There are 2 protein chains.
Amino acid sequence: MFSKSCEYGLRAVIFIAQQTTKNNMVSLSTISEEINSPQAFTAKVLQQLTRSNIVKSVKGPYGGFTIEDNKMNTKLSEVVSVLDGDAIYTGCGLGLKQCDANSPCPLHFKFVEIRDGLRNMLENTSLLSIAEDMNTDFTILKR
Amino acid sequence: MFSKSCEYGLRAVIFIAQQTTKNNMVSLSTISEEINSPQAFTAKVLQQLTRSNIVKSVKGPYGGFTIEDNKMNTKLSEVVSVLDGDAIYTGCGLGLKQCDANSPCPLHFKFVEIRDGLRNMLENTSLLSIAEDMNTDFTILKR
DNA sequence: AGATTAAAAGACCTTTTTATCCTTTTTATA
DNA sequence: TATAAAAAGGATAAAAAGGTCTTTTAATCT
């Protein structure tokens, strides 16, 4: 479904969001341990998310990553767009460049439903809501 | 969503299915022209589908690819399984190895809905039904 | 100021996916 | 039976994805 970059990125940003609700700044090494991801590779992914202003990074002692208050309502769809682009929402399931309602592939209308379901889910799920859920329900981010 | 192999494979098998309803055997070169895919690469994909007994290949003059009657009810899910495996149905959206209802990632229950929608769609769509639709509605398989 | 901590940036390596080319095998038919 | 058509198979190449390592930059704390 998603690339490895995107999987690590989502897990990382979710972990950071959850820690942010507890006012914890988290370092790269903590993140990669807690989400069980390759550290150097995760660093690259976090750089992208920092440049996109989804997470905030702080260098130096006691530094790390956090999410600013007004960014806690970032939607998962934004994270996915930054890391994987939006082909998963807009692209044809059969890989055709020009496939739309006017000139559809044989599966177009069936795929549109699936894609819309995914898009709606991601567009309606904010980092804050996931973090809040995690403080209620038991969930995992590694293994 | 799917790999290139799977995209080409689905387009190829759909084209063959449609031609099969018209009793046309189709050659690799015709297929790759009609679905706009790289010929040699498509050959490899078709070999996999032949070995999996989804399509039938006939060598020699007037040979090519066709689908036997009883295979026209093959579901898209079978084609996808052969070419991409079933991670898209069973895998965790965040890439976790062990993620299920008992030990879910924070998005597990949201993802399950999407995945089930996709799986149901693919499991309920046969090659024959697509071919019949194509003989009614105008659809495209290239560009 | 110097030492230390931590992210940023860039160069590099490995594996997988995508793609091509060439030879071999099979088979219909003239 | 020779020829031509067409798929099968193997070797290789190119591109993309996944991943590592080293140096640089910035912040903090003696």
Side-chain angles (χ1 to χ4, degrees), chain A residues 1-13 15-16 19 24-68 80 82-85 87-88 94-95, chain B residues 1-13 15-16 19 24-68 80 82-85 87-88 94-95:
Chain A
M1 178 98 82
F2 301 125
S3 67
K4 285 287 171 195
S5 292
C6 194
E7 288 176 357
Y8 298 148
L10 286 168
R11 271 149 61 193
V13 86
F15 176 70
I16 299 168
Q19 293 299 308
N24 292 337
M25 175 93 91
V26 282
S27 70
L28 170 64
S29 63
T30 301
I31 295 168
S32 66
E33 274 167 32
E34 292 300 321
I35 71 172
N36 196 36
S37 66
Q39 181 167 327
F41 192 63
T42 306
K44 295 297 180 191
V45 177
L46 285 171
Q47 276 177 43
Q48 289 186 73
L49 296 176
T50 303
R51 284 191 221 108
S52 311
N53 288 309
I54 291 172
V55 305
K56 191 190 160 200
S57 72
V58 177
K59 290 183 180 179
Y62 302 96
F65 296 87
T66 188
I67 298 176
E68 297 190 315
V80 172
V82 166
L83 298 174
D84 273 3
I88 199 152
L94 299 183
Chain B
M1 179 100 82
F2 301 126
S3 69
K4 286 286 170 195
S5 293
C6 194
E7 288 176 358
Y8 299 149
L10 285 167
R11 271 149 61 192
V13 84
F15 177 70
I16 299 167
Q19 293 299 308
N24 292 147
M25 174 95 90
V26 283
S27 69
L28 170 63
S29 62
T30 302
I31 295 168
S32 66
E33 276 167 30
E34 293 299 320
I35 70 173
N36 195 38
S37 68
Q39 181 167 328
F41 190 66
T42 306
K44 298 296 181 195
V45 177
L46 284 170
Q47 277 177 42
Q48 289 186 74
L49 296 175
T50 302
R51 284 196 284 265
S52 311
N53 289 309
I54 291 172
V55 306
K56 190 190 160 201
S57 72
V58 178
K59 289 184 180 180
Y62 301 94
F65 296 88
T66 188
I67 297 176
E68 296 190 313
V80 172
V82 166
L83 299 174
D84 273 3
I88 198 151
L94 299 183

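Just so it is clear, the structure is predicted and the values come from calculations on it, not from any experiment. Order of the sequence lines fixes the chain letters, A, B, ..., with proteins taken first and strands second; residue numbering starts at 1 for each chain.
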request  = Let me know the distance between CG of A/D84 and C1' of D/dA17, rounded to the nearest Å.
outcome  = 11 Å
request  = Measure the distance from CZ on B/F41 to P on D/dA13 and round it to the nearest whole Å.
outcome  = 18 Å
task = Would you kindly compare B/R51 and A/S5 by the position of their nearest DNA chain D nucleotide and give the one closer to the 5′ end?
result = B/R51
Among C/dA28, C/dA7, C/dT20, the nucleotide that comes nearest once only the side chain of A/F65 is considered = C/dA7
key: Atom pair distance, as rounded to whole Å: NZ in B/K44 and P in D/dA13   = 15 Å
message = Please report the distance, rounded to the nearest Å, between CD in A/Q47 and C1' in D/dT24.
response = 12 Å
inquiry  = Distance check needed: D/dA4 C1' versus B/K59 NZ, whole Å only.
reply    = 15 Å
inquiry  = Distance alone, cut at 3.5 Å: any donor-acceptor contact between the side chains of B/T42 and B/S37?
reply    = yes
task = Taking the side chain as every heavy atom from C-beta outward, state whether B/M1 and B/I88 have any atom pair closer than 4.5 Å.
result = yes
query = Do any side-chain nitrogens or oxygens of B/S57 fall under 4.0 Å of OP1 or OP2 in D/dA6?
reply = no
key: Contact nearer the 5' end of DNA chain D, comparing B/G63 with A/F2   = B/G63
query = Where do A/G9 and A/L83 come nearest, in terms of heavy atoms and distance?
reply = CA-CD1, 3.8 Å
ask   = Does the side chain of A/I35 come within less than 4.5 Å of B/L94's, by heavy atoms?
value = no
request  = Please state how far atom CG in B/L46 lies from atom P in D/dA8, giving the value in whole angstrom units.
outcome  = 8 Å
task = Name the nucleic acid region contacted by B/S29, choosing base, sugar-phosphate or nothing; use a 4.0 angstrom heavy-atom cut-off, strictly under.
result = nothing
Separation of C/dT17 P from A/K4 NZ (nearest whole Å) = 11 Å
request  = Could you tell me the separation between the OH atom of A/Y8 and the C1' atom of D/dT20, rounded to a whole number of Å?
outcome  = 13 Å
Whichever of A/L28 and B/P38 has its nearest DNA chain C nucleotide further upstream toward 5' = A/L28
task = Indicate yes or no: at least one non-hydrogen side-chain atom of B/L46 is less than 4.5 angstrom from one of B/I31.
result = yes
